[in-house]
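Comments concern the structure below.
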Amino acid sequence: MSRRGRFAPTPSGQLHVGNAFAALAAWLQMRQADGEFVLRIEDIDKARARPEYAERIVEDLAWMGLDWDEGPKKGGPYMPYVQSLREPLYEEALARLEQANRLYPCFCSRSDLASIGSAPHGLASEGAAYPGFCRRLTARERAERALRKVPALRFVMPTGAIEFQDGWTGRQRFEGAVLGDFIVKRADSLFSYQLAVTVDDAAMRITDVLRGLDLLDSTPRQLALYEALGLQPPAFAHIPLLVNENGQRLAKRDQSLSLSFLRSAKIAPERLLGFLAAVAGWIERAEPIALGELIPLFRPVHPEHGHLIVTEPLLQWLGSSTS
Ligand code: GLU
């Protein structure tokens, strides 16, 4: 069976060089392995996602030269490749979790949750661990509260250790109790990222998930969902984030680092590719490079401090040419 990877952007803003790096790495991993590459639009958060951004992301990826074997504009055997059109699958997964006794209604308000404090460093993708207030409610208390408030649904995390081998960052171990029970369906009836991504990666037969290190602590949560749903998990690899010389993540807010801006400034895609390859250390010096030339050069990188530092001169080089 051939390997299958994916890029799964959330269309809540424009693609910037940080996302472009994740897309490029996921694409190169599959092209080097002679695998298949899937594009999936993760527009499950209807308040944040916008169709215009999804359109723009598709255009930006095509401008970089990335192609996908399945996805928007292309179709494929696991259609649709847009999460907002896949809600029945998430509902069905919830029914299975419910049957397995792995869900409970949570009535906590935003301020109840704020009182828990914030997540420990490096465990930020779901906020602080939920201490399980609503898990301990009796059936009667639940029924009473349900008269006044629509609850969210939480998934019961296993409390023990969850370990996995990460393709880029090595052996990982998380304590389920430290991560806490997380939301799979919000009170406003939106499905959570953790649930949707797990259901879709499994349904689309994804064998390799490669994504940014900011999602590392999502992986044990997703592994717990795979287990509870009786699904086979993919291999995971988390790639370093791009940071500036002060160690700050290159922000989505910085318009000059959006692909739209680079395109409008007539920067050639080969220049962006050369920039990203130099940041990753796949080439020694930044120079424009064709996408195909990067396929054999792609390999995991392990920067000393966990992040890839984008120096000021390199940023200037990226923006310096109109060729
Ligand atoms: N949709 C998520 C994001 O844009 C990424 C999902 C994933 O790669 O697992 O942050």
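In each ligand, atom 1 is the first atom listed, and ligand 1 is the first ligand listed. Sequential numbering from 1 along the given sequence is applied to the chain's residues.
- Of all the heavy atoms of Leu215, the ones lying under 4.0 Å from any atom of ligand 1 belong exclusively to the side chain.
- For the 3.5 Å distance criterion, the side chains of Glu70 and Tyr81 qualify, holding a donor opposite an acceptor.
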- Derivation of the side chain to side chain donor-acceptor pair (under 3.5 Å) call for Thr198 and Arg221: CA-CA 10 Å; Thr198 302; Arg221 295 179 167 100; over 6 Å; no
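- Within the structure, ligand 1 lacks Phe7 among the residues with a heavy atom less than 4.0 angstrom away.
- Considering backbone and side-chain N/O of Val197, none are found under 3.5 Å from N/O of ligand 1.
- Checked for salt-bridge contact, Arg31 and Asp67 meet the test: a charged N lies under 4.0 Å from a carboxylate O.
- Atom 8 (O) of ligand 1 has its closest protein heavy atom at Arg6 NH1, 2.7 Å.
- Shown in contact with Tyr193 at under 4.0 Å from a heavy atom are these atoms of ligand 1, numbered in order with element: 6 (C), 7 (C), 9 (O).
- Looking only at protein heavy atoms, the nearest one to atom 3 (C) of ligand 1 is Thr10 OG1, 3.4 Å.
- Judged by a 6.0 Å distance limit and a 45° cone about the ring axis, Arg6 is not positioned over the six-membered ring of Trp68.
- Of the protein's heavy atoms, Glu42 OE1, 3.2 Å lies nearest to atom 6 (C) of ligand 1.
- Using modelled atom types, one finds no donor on one side chain facing an acceptor on the other under 3.5 Å when comparing Ser12 with Thr10.
- Among all protein heavy atoms, the one lying closest to atom 5 (C) of ligand 1 is Ala8 O, 3.5 Å.
- Between Tyr78 and Asp200, the side chains place no donor N or O within less than 3.5 Å of an acceptor N or O (distance only, hydrogens not considered).
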